[in-house]
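This report concerns only the one structure given below.
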4 protein chains.
Amino acid sequence: MTKTPTKAATAKAATHKPETRGEAAAPASSRATRAAERRAAIVEAAMEEFIARGFAATRLDDIAKRAGVAKGTIYLHFKDKESMFEELVRTVIVPVVARLNALPPLTGSVRDLIEAFANNFLKEVIGTRRGDLVRLIVAEGPRFPSVADFYYREVVSRGMAGMRALIELAIARGEIRERDLARYPQILIAPAMIAVIWQSLFARHAPLDAQDMLRVHLDLIFGERRTT
Amino acid sequence: MTKTPTKAATAKAATHKPETRGEAAAPASSRATRAAERRAAIVEAAMEEFIARGFAATRLDDIAKRAGVAKGTIYLHFKDKESMFEELVRTVIVPVVARLNALPPLTGSVRDLIEAFANNFLKEVIGTRRGDLVRLIVAEGPRFPSVADFYYREVVSRGMAGMRALIELAIARGEIRERDLARYPQILIAPAMIAVIWQSLFARHAPLDAQDMLRVHLDLIFGERRTT
Amino acid sequence: MTKTPTKAATAKAATHKPETRGEAAAPASSRATRAAERRAAIVEAAMEEFIARGFAATRLDDIAKRAGVAKGTIYLHFKDKESMFEELVRTVIVPVVARLNALPPLTGSVRDLIEAFANNFLKEVIGTRRGDLVRLIVAEGPRFPSVADFYYREVVSRGMAGMRALIELAIARGEIRERDLARYPQILIAPAMIAVIWQSLFARHAPLDAQDMLRVHLDLIFGERRTT
Amino acid sequence: MTKTPTKAATAKAATHKPETRGEAAAPASSRATRAAERRAAIVEAAMEEFIARGFAATRLDDIAKRAGVAKGTIYLHFKDKESMFEELVRTVIVPVVARLNALPPLTGSVRDLIEAFANNFLKEVIGTRRGDLVRLIVAEGPRFPSVADFYYREVVSRGMAGMRALIELAIARGEIRERDLARYPQILIAPAMIAVIWQSLFARHAPLDAQDMLRVHLDLIFGERRTT
DNA sequence: GATGAATGAGGATTCATTCAT
DNA sequence: CATGAATGAATCCTCATTCAT
């Protein structure tokens, strides 16, 4: 009982805060840094909870507990539950976008590039927390147009544009025969998306070898690879 | 829809009981019939609401209002909100299953059959309430394992088995070259699923010509069709 | 579904009802009789439920089920739940009152008479449904002044008056020495009441030999009996 | 009672924390203290309501209103209505138990001691809120076995044991002749219990001079007192 | 008279949000 | 800045009562 034993006493003299060690030693962990850490912890915790329960069924209490902060603290970082959700998606999506933009060099064949991309997707998205986020967006999209908008604008449309460019290049180079494919990059991506959804819904009924499936799909598009 | 449409009309003439189908086409509406109608109205209304808001955010009150019944009436048909959701999915899915089982004749080529199937899917699922239901299942699946189970068992596994059989037949007949495709019927279905999701999330940003996309996809799998 | 298979068909021809055996044989069971039976069944069922759960927690649904009638039927006999409770107590109490009035002959000693009375109370009240009713009245009395009033008027005051008369007689005859006892017949009755309450609350923790206790109490009041 | 009585007063002067008892008698009111006060207010209010209406008919809303807190606050102190009731009885009973344990010295005669006890009971229980609690336990006991258990264990069995010891002592000293009384301390207590119940049910029909009744009862057991 | 489906007011409980400390 | 006690609107569910059959 009787928490808050400080406050009054530290009010003025409290230039130093907990972690403070000596004078200059570890000036790090400034107030701003600690705030950022807290925010990160909240985002992380919120992700977990929203993915596990969906937006409406998630309790701020649980997020706070998981993040190790008090409920009120959340409101220092986010206006309310709704905008927390929206900002959350943004925050988590941004790095993904960054990576998309950082197109790899593109030296060998288009297929090699796409295969590399697929492998990366396999490791980083399918069956991971990030994959669950995709499912979450599918789930909550209709109730959060701004989220769907953002996701479309930042991820989908860019990804599609990139894919389309690659497909066109592959067609030009003769790697892909089906010329109409360029109009529907979705076809190229579809199995990957299905894999994402499959893993969160049906994995336990029927495990899916996503890597092999994606390989087959690429074979279908690029023609079977002559095994080296 | 169709609330108490009779009553006044049957008041006197209805000396005969239930199934009465005499005279015109009007009466019918025995107590049992009315109950069934009510249940149907509730199911219908619940569908709309759950699709629009998700499970947790849907208010029983709104379902009742939309169905034109009192709140309490819902509890005459369903134990609680949760089992209503579960039964609802079952109820709506069953007819779909029935249709899946009613395999079409299969006379011409496999491609023709699949194309017919795709066209049907296009009309009946993509962009319709039924399509939204699929998205709903994707959204709520993790929180309703029984729903995901049911859906997997009744729809996914059966659909996959059927597709696999068709693919194998097509391979045997030489319609499809990629032999590994039989291991992943998901690849065949993926674009259709993507179309379903696309329509509810991104249609307004970028309309998708699902029919054309599916055609391209089939061309990819079966080889381009020599336009008659 | 569709119960009520009779009604219309029996409407006129139904002079005979279930129990009806032969023509004149048992003309009884007229409509009025059946109604009375139903009412009795409801009263009986209500007693059980009210005793087990108290007034507020008892569901009319359960009473109806236990009585084997439809919920609506209850309203043909009672205005509402509240007055059902009140009438119920009256109905059940009346026979008790009748018996109280039917004072036994009074031949031998007053002690013999009271002992006989105690034994009767032991058999008919303590540890029985009737005893539970007493507890029920204690429980609901404050919320049902009319019930408490009725009980006081019909049972308590009469019982007290009767006891007082007996005590005075016993004092006059020299059976009881403590003259002031006539002012507090409650003292004479108290252990019996305690036994009633004890049986429904603590019997399972510590069984009480009510008969022996009452004997000891009478010994206390009348002096120990010279064992014959 | 006593809602936030401080606050304004302590605002500035309260550089020192909690238990502050300086200056006048006012401040104190730390957060923990305030919580305790609130809990006490809820317990107090709940007592009143439960006694007045019984468990099932009592509305949490009314308790909150009477306690001067919001509905939700109750749930910060109690898990639900049921455990509130159970804890409530415990909370209120405990001090009583404490007093029972604090046996008085026992100098003079046993009768004097019991008389003192009776007078205390008269003042503290009969016709008071505490007496009503006894009636409440009788009323709700069957539906709250844990409450009946607790009450039996903490109050009844202890009280009975104490009474039995006194009775045996009185018998040994020759103050009481009826040796069997030791087997049924209930007889000694019965009139007091009856008085408790009488006051809440019939007081307004026929007021009872409980003190006088208890005196007569003790005369019956110990023999008439030779008025000094 | 009987029935039981339908009603909707009422009440327990939850949880996002606020704010004094 | 951080905290978490307090709030009360919102929501699920129950159940006494009605009434068409």
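Labels below follow one simple rule: chain letters A, B, ... track the order of the sequence lines, proteins then strands, and each chain is numbered from 1. Everything numeric here is computed off the predicted structure, so don't read it as measured data.
Contact record, Leu88(A) with Met47(A): CD1-CG, 3.8 Å, taken as the closest heavy-atom pair. Closest of all the heavy-atom pairs between Arg143(B) and Arg53(A) is NH1-O, 2.6 Å.
Comparing Ala57(D) and Ala56(A) against DNA chain E, the residue whose closest nucleotide sits nearer the 5' end is Ala57(D). Toward the 5′ end of DNA chain F lies the nearest nucleotide of Ala70(A), the other residue of the pair Ala70(A) and Glu82(B) mapping further downstream.
Between the CG atom of Asp61(A) and the C1' atom of dG4(F) there is a distance of 9 Å, rounded to whole Å. We find that CG of Asp80(B) is positioned 17 Å from P of dT13(E), with the value rounded to whole Å. Rounded to whole angstrom, the span from the CD1 atom of Ile63(C) across to the C1' atom of dT3(E) amounts to 17 Å. Distance, Arg39(A) CZ to dC1(F) C1': 16 Å, rounded to whole Å. Rounded to an integer number of Å, the gap from Lys81(B) NZ to dT14(E) P is 15 Å. Look at CZ on Arg34(D): it is 11 Å from P on dA20(E), rounded to the nearest Å. Distance Lys65(C) NZ to dA5(E) P: 11 Å, rounded to the nearest Å. Atom OH in Tyr75(D) sits roughly 13 Å away from atom C1' in dT11(F) (whole-Å rounding).
Here dA6(F) is the nucleotide among dT14(F), dA6(F), dT18(E) with the atom lying nearest to any side-chain atom of His77(D). The listed nucleotides are dT3(E), dT17(F), dT7(E); the one nearest the side chain of Thr73(B) is dT7(E). Nearest nucleotide to the Leu76(B) side chain, out of dA6(F), dT7(E), dC1(F): dT7(E).
Checking dC15(E) for Watson-Crick or G-U wobble geometry (two distances, each under 3.5 Å) identifies dG8(F) as its partner. The partner of dA20(E) is dT3(F), by the rule that a Watson-Crick or G-U pair needs both atom distances under 3.5 Å.
Considering only heavy atoms from C-beta on, Arg38(D) stays 4.5 Å or farther from Leu76(D) through its side chain.
With hydrogens and angles ignored, a donor-acceptor pair under 3.5 angstrom links the side chain of Lys71(C) to the base of dT17(F).
Under 4.0 Å is where a charged nitrogen must lie from a carboxylate oxygen, and between Arg39(D) and Glu87(D) at least one such pair does.
There is a side-chain donor-acceptor pair under 3.5 Å between Glu86(A) and Ser146(A).
Proximity of Arg38(B) to the phosphate of dA5(E): no side-chain N or O atom is located under 4.0 Å from OP1 or OP2.
Using a 4.0 Å heavy-atom cutoff across all strands shown, Leu60(B) reaches sugar-phosphate atoms only and no base atom.
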